[in-house]
Structures are given as C-alpha cells and as structure tokens.
Engineer: 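Pasting a structure here, questions to come.
Only this structure's heavy atoms are used, side chains among them; waters, hydrogens and symmetry mates stay out. By convention in this document, chain letters (A, B, ...) are assigned in the order of the sequence lines, proteins followed by strands, and residues within each chain are numbered from 1.
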2 protein chains.
Amino acid sequence: MTKPATIRDVAAAAGVSIAVVSRVLNDGSGPVSAGARQRVLQAMQDLSYRPRVAARELKSGPTSTIGLLLADVTNPFFARLADSVVREARSRGVQVVLMTTQEDPRLEEEALATLASRRVSGVIATPTATNAGAWQHLGDLQTRVVFVDRYLDSVPLADVVSIDNERSAREATEHLLELGHRRIGFVSGPLSTTTGRSRTDGHLATLAAHGIEPESELLRNIPFRGDQGADAMGSLLERDDPPTAIILANTAQAVSGLRRLRQAGVKVPSELSVVVFDDNPWTELFAPALTIMRQPTELLAAHSVDLALSQQPDATAGRTLMVEAEFVVRSSTAAPTAARVPSN
Amino acid sequence: MTKPATIRDVAAAAGVSIAVVSRVLNDGSGPVSAGARQRVLQAMQDLSYRPRVAARELKSGPTSTIGLLLADVTNPFFARLADSVVREARSRGVQVVLMTTQEDPRLEEEALATLASRRVSGVIATPTATNAGAWQHLGDLQTRVVFVDRYLDSVPLADVVSIDNERSAREATEHLLELGHRRIGFVSGPLSTTTGRSRTDGHLATLAAHGIEPESELLRNIPFRGDQGADAMGSLLERDDPPTAIILANTAQAVSGLRRLRQAGVKVPSELSVVVFDDNPWTELFAPALTIMRQPTELLAAHSVDLALSQQPDATAGRTLMVEAEFVVRSSTAAPTAARVPSN
DNA sequence: TAACAAAGTGGAATCGGTTACACTCGAACC
DNA sequence: GGTTCGAGTGTAACCGATTCCACTTTGTTA
C-alpha cells in the first residue's frame, strides 16, 4: 500500500537521528544507549522496515555476495554442485546469486554483464565459451573469478578447481584394458571444453601406452546439452566391429546414451561394458549397477567458495586446485566375452 | 588495479556532462547528438565502464528482476523448473536470482529477507514452511508472490500455479484399482505441504469411492529431502500382507525408495506395481520403464513468470492457476498376480 | 575544581547513478 | 524581425543507506 519505510521514517518514529538507527542496524559500529536501541528496534518492527541493499551497496562495497554461473542446472552434477556451493557459502554468511547459461554463449555473456554491474565479490563458473574479454574484464573489476570443473586457458587470471580429468580418464581406460577390452568407445563433451579435451587426451594416452592404435572412429565428441548421446551410442553400436566397452565421459549425455543401449537390447556387461563419468542416485538403479567416476562435489564447492572469497595474492595468475575423483567399480564392466574378442 | 570507472569519469573523458552519458546509457530518455553519443560510447569502451546496478536501483525502482526460491535444486523436478523459469524470464528481458532453501525453514527465512531488501519485483517460490509473516511482509512491499507446485493457505495474497494434485493422485489410484489392486502403498511428502496433503486426499477419496477401507498403515509421509524413501519402502515390504502396488508421490524420494526395492529383489510389476510422481530421464531407464505422472514444467514456469511480472488487480487475494499433469502408463504397473490377491 | 576521557548523539557529506528543469542556439514561422 | 519551437546540453536535487566529525553530556581523575 504505502511506500516502504526508510531509515528516516524509523528515525522519526523512534525520536532519534538516522545515524543512531544506522548504528543499531550495523551492530558494533558505534555506541548506542540501551533506551535508544530499544525504541529503534520497536520502530523498525512497527514499520516493518527492511534496509535496502541497493543503498547500502552504493555506499560501502557490495555486500558479500558471490555469483554462481552454471552451464546447466538440469545436469544433476551441476545441480549437486550448486547445492553444495550454496551450503558452503551460507556457512560463511555469503549470499549466492545463481544464474544459468544453458550452454549458450550469448546467455553467458549477458549473465556476465549482470554479474559485473552487480559488483559481486567473486564469481564461480563453468565457462561455456571463450567470452575471454568478458571474463578478463570481470577480473579487472577486482572480482575474483573461479572456474570449476571446466576452465579456459585464455583466461589466465582465473582460479581453477577441478578433478584431474586426464588422470580419471586414464584410470577408467586402464580398468577396461585390464579386463581385456581392446575396442573402447569414448563419448565425451566438446573438445572446446577442457573437460572434453583432457578426458580424451587421457584416454588416448593410455591406449598408446598399451600399444593400441587409437581409432578416431571410436571417439565421439558431442554437446553437453541435448539428445545426441543416443545418436552417438547408436552409431557406435552399428559398426561392423562394435566396441566391446564404452566410456561415457559426458555427464549430461549418459542418460540418453543408455536409453539407446536399452532400446537396442544390448546386454550389459556381457555384450558391452559401460563406464559413466557421473555419480547420480540412479546409476545404482540401472540394471546392472553402473561403474562410475565420482566427483567430490562437496570438496569442489568448498574450494571454489574459498577461492572466490579470498583476495588474489597475485593479480595476473590464477591458482589451480585439483581434487581426487573416485572410481567406483560396480557391475556394468566385465571381461569381453570370447566370441567378441577379435583374433589379435 | 585502479578503481572502476564511474559515470563522471566517462563524462570527463568524452567531454560532456553526466546527463548526456546517462541519456546514452538509457537510450530514448532524451536527445543526444550523434557526435556526443559516439564520443561517449568510445569513452565507455576505453574505460571499460559498467554502470552499477546499486546506484540505478537506488534511484529508480529495482531493475526488472524476479527471485526464484526453490526448496531443492538437487531435486530434478525443481531443477527443470528452474531451467524453464530462467528461459521464460529471459525471453522477457528479466533477470532471475535463484536461491535454495534446502527444505530448511531457517534458510528460507534468510533468503526471504534478502529478497525483500533487494526489492525484486516478484518472487516465485516453493514454500517450505509457514513463514507466513515473512511472506505477508513481502507482499506488503508490493512484491508479487507466486507459489508454484506447493502453496500455503496461510498466505492468501499469493498467486498459485500448480497441477491438480488431488486429481492426479486420483488418476493414479484409479489406474491401480482398475488393474485389480486392493492394497496400495502410498508414499508422499509431508502433510504440512499442500502437495503431500492433496495427493493423500485424492488417494483416500478414490479408495473410499470404491468402497475400500483405507489402511493408515499403508500411508507414509516422509520429508522431501533425505533418504527416508528407502525406509518407508522397506517397512511397507516387510508387512505380513505387503501392498501389491505402490505410489511414490514424492518426487525426491522415488530414487531411494526404488533402490530399496531393487535391493530387496522385488520383481516389478509381477510382485509389485509401481507409480512414480515424477518425470525424469532415468524413469525410462529403470527396468521396467516406470509408469509416471508428468508435470508440465514449461507451462508451470510460463504461468509463474507471467504472474510474477503482472500487477496485482486486487491486493488481498491471489489468483490460482491449475495446469494438467499427464499420466504416462509404461511397464511398471500390471494386474496383481493371483497368488497375491487375498481372498476378499 | 579544572581538566579530560568516554559515551551518546546528530549534522552533513558521500556513494553513482537518474531526471526535472533551466539554459543556449539555430531554424522556421508569421 | 520578433516569436516560437525543439534539439542539445548542463546543473543540481534526489534515492537510502553509511560514516566522519563535531558537539553535548556525563563520569573520572589529578
């Protein structure tokens, strides 16, 4: 109905000056008599007064807020990450503004502009595109930039928190090689992302180390969002010599890929071993329970918030933190059946 | 390094007054000569200037922003909702500030306070607790409040967008009754939420309409978050006369309930028919594919954004919008096997 | 008793934008 | 040739908080 109360209204109602009200508001910023404090609190109550952040932010720096810019909340991995970041930030009294880019570079640029003009103290992000200029600019604005999960080489000032994707891919590949697989399908995210590239690199390096000729036909780089997981899986299965094992190194596309597998009636693990780079509640529900790579979301979140709130010791270079992923072997991987092992 | 540029710096660099810069900033707010505009734009570029929202918000009302207060981003249903809301809002040029309550009333209250002092134009929320006072207060601040999915009776001024939960529960129950089930387990969210209550009501009403004595032992109301789905499922299975069908009317707990089912080695649907109130990619992956109730997330989001941005015609009462849910029958429901149908 | 410290208070400047209003200037009109 | 108009510009007030500083009122100490 009426206009919201301001600090002046409260001061008037309590019969004091605005300075006193402000001191009550920011406890410890100056002396206030018990009587005055009481009357001010009462007045605030009566007028249901809420200080406007806009005014506060204008005068003092931004109230401690960090931006969280995720590629896709729909992706359970990112959703869990968001959950952890919010919890972590809260425990330090920091607000989180969450924004989604939906893997769209234009959206990302917009969100970045918003974050910049909001002068948040830090931004935690899973960068989609090389909006290098925008990122750099954010850094210039003395906003801490932390890339989590993926990162951009072109933005050296940003901190990075991630699992060792190359090593994880190596571990997954080793596991399959030890079981006796030689033709391994590898579905990953776009090579334009560090996750896609590192995982692919790790996979190829491991094959090479075991003297296996990598077939580029067995590698599929698909977008994180969308339904291409099914197609990728389909085309791999239709080959004359289909792979005996497959690594789904793309968090978001695992579901659509697995659906295709189910439709095709392929038996897991007897006909095909499956490893998924993801750790969702349902991976255990799938029959058979899936062998997965688990990312320590809590830890990623904790480190990210840490870095986002810390002052940069050196303005030009970011810090890099690697955390360990956990490889969980369940029932979806097994030795290839004899019939399918080729003569070599 | 140096302090970020202000409008005055830009004005000085371009050799004009701040008023001119402001006019360039807010195109259409006044005349600016082509030359001046050019110089201002150049200066903004050079100084990499970004207007501070805090200052803008202080003078004019809040820039068009809506708050989205979700109970749990980890819950895929809410994640999809968030995704849709962001997309929808974006298409109208509105920013979304997403916050999570994690089903914690205290967190919710905090988030509400933040939203209030941020003076967003509207808030879309899935209320957790009866923070009735805080909600009411938000409404007093001429902030539109829209409850989506769940709502609170105690906050009449809020708009509501939801599926018809009672009707949906009725539909699910009818389906099972038609198949011949008589003992139906019903796992829902807390009765303190409207979703939990409506779904339970619909279920019980349907039983009554068919002359079936409802057994309170077959109803389990558990929190949305956490792992109690497994326990609820377990205790139902351990009964002397276990249900022949079960409805998991709790989006978030379906996974943990199903996991228990899998562990117990119960065959679906021959030993137990299952209906889930949720529509996740993995419900199709589960073997057998699950019969589900699908909520039209896009529609819920579109209406919510609509209402959040609209001016309230009447300040005292909110509007209610029901959208239709779609019941998808797949393979997890079937007639109970004869052996299990009791004598009645 | 004078001097001084500390507690309590209020006035006024400040943050960085927006905007009402006054002003200049040249073109158009009668 | 004076009036009117509108385009283009600048000055200054304002939004609602924080905060520095000066001031008064006490209590304490030499």
Engineer: Hey, are the side chains of B/T6 and B/V10 touching, using non-hydrogen atoms and a 4.5 Å cut-off?
Structural biologist: no
Engineer: If you compare all heavy atoms of A/P296 against all heavy atoms of A/V323, which two are closest, and at what distance to 0.1 Å?
Structural biologist: CG-CG2, 3.7 Å
Engineer: Taking only nitrogen or oxygen atoms into account, show me every contact under 3.5 Å that the protein makes with nucleotides 23-29 of chain D, one pair per line with its distance.
Structural biologist:
none

Engineer: Find out whether B/R56 and B/L25 are in side-chain contact, i.e. whether some heavy atom of one side chain is under 4.5 Å from a heavy atom of the other.
Structural biologist: yes
Engineer: Nearest 0.5 Å please: distance from the CG atom of B/L47 over to the CG atom of B/D9.
Structural biologist: 6.5 Å
Engineer: Check A/R87 with A/E298, please: is the shortest side-chain N to carboxylate O separation under 4.0 Å?
Structural biologist: yes
Engineer: Using whole Å, report how far CG of A/D9 lies from C1' of D/dA17.
Structural biologist: 13 Å
Engineer: Counting the atoms with a prime plus P, OP1 and OP2 as sugar-phosphate, which does A/L25 contact under 4.0 Å by heavy atoms, base, sugar-phosphate, or nothing?
Structural biologist: sugar-phosphate
Engineer: Between C1' on C/dT19 and NZ on B/K59, what's the gap in Å once rounded to a whole number?
Structural biologist: 6 Å
Engineer: What parts of residues 113-121 of chain B reach DNA chain D, counting only heavy atoms under 4.0 Å away?
Structural biologist: none
Engineer: With sequence neighbours left out, which residue pairs that include part of residues 33-43 of chain A fulfil the salt bridge (Lys or Arg N to Asp or Glu O under 4.0 Å) condition?
Structural biologist: A/D27-A/R37
Engineer: Strictly below 4.0 Å, N to O, side chains only: are B/R52 and B/E57 in salt-bridge contact?
Structural biologist: no
Engineer: With a 4.5 Å limit on heavy-atom distance, are the side chains of B/I66 and B/V120 in contact?
Structural biologist: no
Engineer: Which heavy atom of B/V32 sits nearest to which heavy atom of B/A36, and what is that distance?
Structural biologist: CG1-CB, 4.0 Å
Engineer: Students often get this wrong, so: under 4.0 angstrom with heavy atoms, is B/V53 touching a base, only sugar-phosphate, or nothing?
Structural biologist: nothing
Engineer: For B/E57 and D/dG16, give me the distance from atom CD to atom C1', rounded to whole Å.
Structural biologist: 12 Å
Engineer: Just the rounded figure in Å: distance from C1' of D/dT18 to CZ of A/R52.
Structural biologist: 15 Å
Engineer: Between C/dC15 atom P and B/I7 atom CD1, what is the distance in whole Å?
Structural biologist: 14 Å
Engineer: Quick one: A/Y49 OH to D/dG16 C1', roughly how many Å, whole number?
Structural biologist: 7 Å
Engineer: Can you find a heavy atom in the side chain of B/I7 that is under 4.5 Å from one in the side chain of B/S22?
Structural biologist: yes
Engineer: Does A/S17 make a side-chain N or O approach to OP1 or OP2 of C/dT9 shorter than 4.0 Å?
Structural biologist: no
Engineer: Using atom names, set out every protein N or O paired with an N or O of nucleotides 20-29 of chain C below 3.5 Å, distance rounded to 0.1 Å.
Structural biologist:
none

Engineer: Scan B/T6 against the nucleic acid and name what it touches under 4.0 Å (heavy atoms): base, sugar-phosphate only, or nothing.
Structural biologist: sugar-phosphate
Engineer: Taking it one step at a time, do A/E88 and A/V85 satisfy side chain to side chain contact (heavy atoms under 4.5 Å, CB included)?
Structural biologist: CA-CA 5 Å; A/E88 187 65 31; A/V85 167; 5.6 Å; no
Engineer: If you measure from CZ on A/F147 to CG on A/D153, what distance do you get to the nearest 0.5 Å?
Structural biologist: 10.0 Å
Engineer: Rounded to the nearest Å, what distance is computed from the CE atom of residue B/M44 to the P atom of nucleotide C/dG16?
Structural biologist: 17 Å
Engineer: Applying side chain to side chain contact (heavy atoms under 4.5 Å, CB included) to B/D149 and B/L300, what does each step give before you reach the verdict?
Structural biologist: CA-CA 8 Å; B/D149 181 54; B/L300 288 172; 5.7 Å; no
Engineer: Between A/Q102 and B/D83, does a side chain to side chain contact (heavy atoms under 4.5 Å, CB included) hold up when you go through it step by step?
Structural biologist: CA-CA 8 Å; A/Q102 295 175 160; B/D83 205 67; 3.2 Å; yes
Engineer: Does atom CZ of A/R92 have more than 12 heavy-atom neighbours from other groups under 6.0 Å away?
Structural biologist: yes
Engineer: Show your working on side chain to side chain contact (heavy atoms under 4.5 Å, CB included) between A/R119 and A/T143 and close with a plain yes or no.
Structural biologist: CA-CA 7 Å; A/R119 303 281 198 277; A/T143 300; 5.9 Å; no
Engineer: Within residues 29-40 of chain B, which residues have any heavy atom lying less than 4.0 Å from an atom of DNA chain D?
Structural biologist: B/P31, B/V32, B/S33, B/A36
Engineer: Please state how far atom CG in A/L58 lies from atom C1' in D/dC14, giving the value in whole angstrom units.
Structural biologist: 12 Å
Engineer: Side chain of B/I18: nearest nucleotide among D/dT19, D/dG16, C/dT18?
Structural biologist: C/dT18
Engineer: Less than 4.0 angstrom from a charged side-chain N to a carboxylate O is my criterion; do B/R90 and A/D104 meet it?
Structural biologist: no
Engineer: Between the two ends of the helix from C/dT1-D/dA30 to C/dC30-D/dG1, what is the bend in degrees, rounded to 10 degrees, where each end axis spans five pairs?
Structural biologist: 50°
Engineer: At under 4.0 Å, does any side-chain N or O of A/S60 touch on OP1 or OP2 of D/dT18?
Structural biologist: no
Engineer: A/V16 side chain: which of C/dG10, D/dA17, C/dT18 is closest?
Structural biologist: C/dG10
